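Take a look at the structure below.
All values derive from a computational prediction rather than experimental measurement. Every chain is numbered from 1 and lettered A, B, ... according to where its sequence line falls, protein lines coming before strand lines.
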Amino acid sequence: MQRLRNNNKVTLAVYTLSHFIVDFCCFCMLFGVFLPAAPSLLAASEGFLLYNVLAFGLQPLVGSVADANRRIPIAAIGVSLLLAGLLLGGAAPYAALIACALGNACFHVGGGIDSLANTNGKAARSGVFVSSGALGVSLGTLFGNLGARFSLALPIALAATALLSLALFVPTSKHSEPYRVNFDFARAARSAGEVVALCAVSIAVRSFAGFIVPMSWKATAGLAVLPGAASALGKASGGVLADKFGARRVGVASLLLSVPLLVFGQNAALVSLLGLALFNMTMPITLCAVASKLPRNPGLAFGITTLALLVGTVPVFFVTVGASLAKWLIAALVALSAACLFAATPARSSRQLEMDIKKEKSR
Amino acid sequence: MNLPFIHLDAGGPVAILLFLAVPILLVLLVAGLIVLTIVLVRRANKKNAAAQQAPLAPSPFAAAESPPYPSAGAQTSPDDARGNAQ
């Protein structure tokens, strides 16, 4: 057991699975408990917005606290809050929503710190960690919309399993000195503020564009899960590819390639799904670029990216974009996102240059 | 899920303001969180810069460690010194 606790791959597996569970449970609560209990459509919409603001917007603050206090088991606290929210359930829908949102924020920060701090400057780990959330959201929405057949028993059992796994397999940090993450995904000539701002704009713009992608093919509930699966695949592979071919090359190319697929895949599921996978590849890249400039603050770096996601989500609650305008808007926004990423990331990281020099020497 | 503004009945500016109160508050909260994050980033950046520029703290055993031998340079053998000069 001790060997498993100190195994980096086991920790990643536990965090990734728990990420799926946390997002699954939150969306089960939103659609299965909060939505049916809401007095009106307006109240439901406001509740969903409140959830997003708390779950995503508080992460920079929670991350900053977690960075300064490494011994706090922030992920386990998050899952405990989530479990409390699920147990409250229909008895107090607003309290349940707030507890789940706070739990979500804490867990994401804990998992995000692990994915940034326990990797040797590679984006693959953070890509794998963030990937499972998209699948959890899709399946949680599907499960929460079961109507009369919906029960909180499954989410509660899953949340308890996640909490137990974190307690058993994730060691609590014994260190109190600041983190020192070692990433090389941001252009050295740019200041921390510039890279953070460029990445935040890239993420926010991409987040809004992601919500207005026309998907007429997503008619049945079963097909509605596929975008989540494609996003998960894109996020996981984006990190691996960025480590191999470079952050800028993979990030900019995948974004630009996704435009025609998203725009013209309205009625073709396979084309649209491929576009979604490419579109989501930049997620670990922007995260690692921000972390490159904040080496002692992986929690804050992770929180900045989720706050940017929230900024891109908020307009969706107020504005509806027609399908014809959406196509032009997606093309323009993705191009802007790619331009920001281009400006923030290096053509070739110094680590890759070192590897190339070593290869040349060995020849 | 969009807020159903499109179905808003004509009820005067006060009714519209009340209708918008919660979304406006939430948007203001997001704006506040953005400002807070900017402050946190600036603070973290300052600390990072200070940590990178700070000289290494002297070891508490420095006094005990320093002499008896003068310095690393003085230990170089004459042969090594000749080699370096060449």
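- Considering only heavy-atom pairs separated by less than 4.5 Å from chain B, the leading option among A:Val314, A:Asp67, A:Val311, A:Leu61 is A:Leu61.
- Heavy atoms closer than 4.5 Å to chain A are found nowhere in B:Leu25, neither backbone nor side chain.
- Atom CZ of A:Phe208 and atom CG of A:Leu329 lie 6.0 Å apart (nearest 0.5 Å).
- Of the atoms belonging to A:Leu307, it is side-chain heavy atoms, and not backbone ones, that fall under 4.5 Å from chain B.
- Ring geometry, A:Phe48 versus A:Phe31: the interplanar angle exceeds 60°, so the pair is classed perpendicular (tilted spans 30 to 60°).
- Both the backbone and the side chain of B:Leu40 come within contact range of chain A, each with at least one heavy atom under 4.5 Å from a heavy atom of that chain.
- Chosen from B:Leu29, B:Ile38, B:Val41, the residue pairing most often with chain A at heavy-atom distances under 4.5 Å is B:Val41.
- With ring centers used as reference points, A:Phe211 lies 6.0 Å or more from A:Phe317.
- For the pair A:Asn297/B:Asn48, a side-chain contact is recorded, criterion being any heavy-atom separation below 4.5 Å from C-beta on.
- The contact between A:Leu294 and chain B is made by backbone and side chain atoms together, counting heavy-atom distances below 4.5 Å.
- No part of A:Pro178 comes within reach of chain B, as not one of its non-hydrogen atoms sits under 4.5 angstrom from that chain.
- With values rounded to the nearest 0.5 angstrom, A:Leu116 atom CG is found 9.0 Å from A:Ser292 atom OG.
- Ring planes of A:Phe143 and A:Phe150: perpendicular class, angle over 60° (limits at 30 and 60°).
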